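Quick note on labels: first sequence line is chain A, next is B, and so on, each numbered from 1. Values in this document were obtained by computation on a predicted structure and should not be read as measured data.
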Amino acid sequence: MAMVLSDETVKTAIDTAALTRRLRLLRRRSQVKALLLVAPLMIFLVSVFVLPIGVLLTRSIDNSDVSRALPTTAAALATWNGRDVPGEPLFAALAADLKASSREDVAEVAKRLNNYESGIRSSLLKTARNIRNAQAPFQAAFIDVDARWANPERWSVFKQAMPKMTDFYLLAALDLQRSEMGQITGVTPKNAVHLDVLLRTFAVSLSVTILCVLTGYPLAALMARSKGWVANALLILVLLPFWTSLLVRTSAWVVLLQSRGVVNSGLIWLGLIDAAQPLDLIYNRIGVLIAMTHILLPFMVLPIYSVMKSIPPVYLRAASSLGAPPFSTFWRVYLPMSMPGVSAGGLLVFILALGYYITPALVGGPRDQMVSYFIAYYANQVTNWGMAAALSAILLVAVLILYAIYNRLIGIDRLRIG
Amino acid sequence: MTERFIAFEGVRKSYDGKSYVVRGLDLDVAKGEFLTLLGPSGSGKTTTLMMLAGFEIPTHGSITLAGQRIERVPPHRRNIGVVFQNYALFPHMTVGENLAFPLKMRRLPKAEVTERVRHALDMVRMASFESRRPAQMSGGQQQRIALARALVFEPQLVLMDEPLGALDKQLREHMQLEIKHLHDRLGINVVYVTHDQSEALTMSDRVGVFNDGTLQQIATPHDLYEAPDNPFVATFIGENNAIAGEVMELSGGTCRIRASDGSLIAARAGVGLKIGAKTTLVLRPERITLAAAASGPNRFRAHVHELIYHGDHLRLRVSVCGCDDVRIKVPAGSVETPKPGTDIDIGWAEGDCRALALS
């Protein structure tokens, strides 16, 4: 009897294992199918989005230009004690590297090194030109071209620039630098610009978000309450900006806000302001806030509207039947229930505003330019990819931190866009 | 009727300015009464309730609550508890916060709020659910909380708008009893809207039947079932056979009706019946007996069309007195089963059928 029982047990156990395998196989098949369906989009996204951004971001810590152009020098520097004037072997190594490198590579190295010590660029380029035809002993030849080669500091710049990775750009993006002793310190106030720009970017984005909430919430409420053609008309008016180019909309604000523009002319005509002193509405912070709020408003209104649409009116009736006067009904019931829309819109507007470039550039003054302006400046005008990438990385990290805070406080699953 | 607590006088309501949803409602409700408004959808019963709650304003007429005209008082100052069909518990608040809401709105001291919330939860036996969110509860549990929330601020009147509509049958019957017991215990007024007639009959002191914007009849469940005023109420409440005929004789409470095939039927006379007038004779299927048991004046030959087995009873569809859709309900096993296509003798007592005036 016991024998039979154990046989039965074994048989069931085997069947279960087989069944599990079979189930897993079937599940995997459907997973593969699903994966194949999304594959084209995945490949597209990875190749044109994730990959370029990833590559760009590595530029913020990439420092291989110097060590790649000067491999022998890198090896020789490893044995240098860092205090005395180096001996002939290091000079010989640098000479060999300079002779072996193309002019472009030397120019790149010179530009890089100039970040650490201004003036080193021209010195190195001049030395490189002269050293091509020089013979040993190179120590004398170098010092002959420029006496500063006898300074140990000059060589410590090379040593600093040698590692393949650097935190130089990231620190610079936060107005920090490494002292010669390797400690992180603030840069001189004269050079401290980036932190200011980052703070300004956050301040402008926050102001725009608040303005969007204040103007967008009542508009969304009106849309959610109206019916028929009124609701349609309002929706079209909100969507209209989406159908117009960003540039056109921004330029329209220039027409409206300039000192002889529509707004000022109107106010002068009404006698509210003196014709000799029109209001400064553009090329300053006010202009940036007005134009950005207008452009980003739909991103605030639509999430709030869609959440409000889904709030059944019976909750408002319930609140009022329980004795809540209209304001309490709004404050204790309607507002909390529409909050997911407000936070979704707020997050959306804030993140979009952080990256704004064209609008502040067109309607802002020099003190209103945001971080994207400087990214573009470093990437397009001075071709400092390291700085451009570092600022981008800081911006990205800031957005991710924000997202994490949002997720912790409200929960990303409560985000409702539509 | 002891004390008039709620009174509707000449109340009319129109939404579109073209037609009335409620036309000319006069209704008195006594203190402590459980009144149910029953009717098909669109009959005006919910609009009537909403006017009482204050969510709709009557186009004409007055509504009085405890001696005060209230038709222009906003809902939050009426002090009326409302239980909604889908409970309407605030999803962003816990059960405790939901119950505390009406008390906080009335600015009660904190200690009293806590005390009353606990008491209300005990009343619906949900004390352990205080910190739950509505989404974490079943429909029946949410319903109990909605009930507790409507009662926690001790209103004299609680309105219920099809509160059990979303529950399954068993739970619904259980909750019906629970609501009934709460009403008996607290002595409050309840106005209850439903389209479920068995719910109306089991719970109410009185039932008002609505159709087409007018109150057709308001009576106790017993009177409504036994003595309907008009053919609509007769066929809407329970099952009824309607046989067309003409009034031949009328004496006191009884009358004789000639059916379309010429047979004479003795019946009780409804209000407003006149000799020579057309009438509808209503007769409950369970009051018709098969020949063996039949006696008295109303004995007829009927032709059996159909026989349906229902377990505990049988249903027959027969032709009799010129009407070919008369239904008979007999307990299973009580009689020999007639066969479809045959003729049988049936009969009913004079007191079991009523001749109603056509409106």
Side-chain angles (χ1 to χ4, degrees), chain A residues 213 217 220-221 224-231 303-347 406-418, chain B residues 46 49-56 73-94 97-108 113 117 120 133-135 142 145-155 157-163 166 191:
Chain A
V213 172
Y217 193 91
R225 298 192 88 185
S226 32
K227 292 186 171 62
W229 69 269
V230 182
I304 301 180
Y305 169 69
S306 84
V307 169
M308 282 177 171
K309 267 300 226 201
S310 68
I311 300 176
V314 71
Y315 288 114
L316 308 182
R317 288 190 161 188
S320 133
S321 82
L322 294 169
F327 181 75
S328 297
T329 303
F330 167 75
W331 189 253
R332 306 282 223 103
V333 178
Y334 198 67
L335 187 64
M337 291 182 83
S338 55
M339 230 28 212
V342 175
S343 50
L347 193 67
Y406 178 90
N407 194 23
R408 173 63 67 84
L409 290 183
I410 299 166
I412 211 72
D413 49 326
R414 289 198 59 204
L415 189 80
R416 275 163 56 191
I417 306 278
Chain B
T46 299
L49 193 79
M50 291 298 132
M51 287 192 285
L52 194 51
F55 303 133
E56 302 291 351
V73 177
H76 64 273
R77 283 201 250 129
R78 290 195 183 191
N79 210 34
I80 296 176
V82 184
V83 181
F84 295 89
Q85 188 169 7
N86 292 314
Y87 326 128
L89 294 176
F90 303 130
H92 58 289
M93 298 183 194
T94 63
E97 287 163 349
N98 262 288
L99 292 190
F101 185 84
L103 305 176
K104 282 187 184 151
M105 288 299 128
R106 285 166 176 77
R107 299 179 196 283
L108 294 188
V113 171
V117 166
R133 298 238 170 211
Q142 290 189 47
I145 298 302
L147 203 59
R149 191 178 65 172
L151 293 168
V152 71
F153 57 99
E154 294 172 2
L157 170 61
V158 176
L159 310 180
M160 303 192 189
D161 182 14
E162 308 214 14
V191 178

Pair count under 4.5 Å, heavy atoms only, with chain A: among K104(B), M50(B), M93(B), R149(B), highest is R149(B)
Can you check whether D161(B)'s main-chain N or O pairs, donor with acceptor, with Q85(B)'s side chain at less than 3.5 Å?
-> no
Turns out that what part of F101(B) lies under 4.5 Å from chain A's heavy atoms comes down to side chain
Geometric class of the Y315(A)/F90(B) ring pair [parallel <30°, tilted 30-60°, perpendicular >60°] | tilted
Ring geometry between F327(A) and W331(A) (parallel below 30°, tilted from 30 to 60°, perpendicular above 60°) | parallel
Please flag which part of L89(B) lies under 4.5 Å from any non-hydrogen atom of chain A: side chain, backbone, both or neither.
-> backbone
Relative to chain A, which of G54(B), P155(B), A150(B), A88(B) shows the most heavy atom pairs under 4.5 Å?
-> A88(B)
Take atom CZ of R77(B) as the centre, draw a 6.0 Å sphere, and report whether it contains more than 12 heavy atoms from other residues, nucleotides or ligands.
-> no
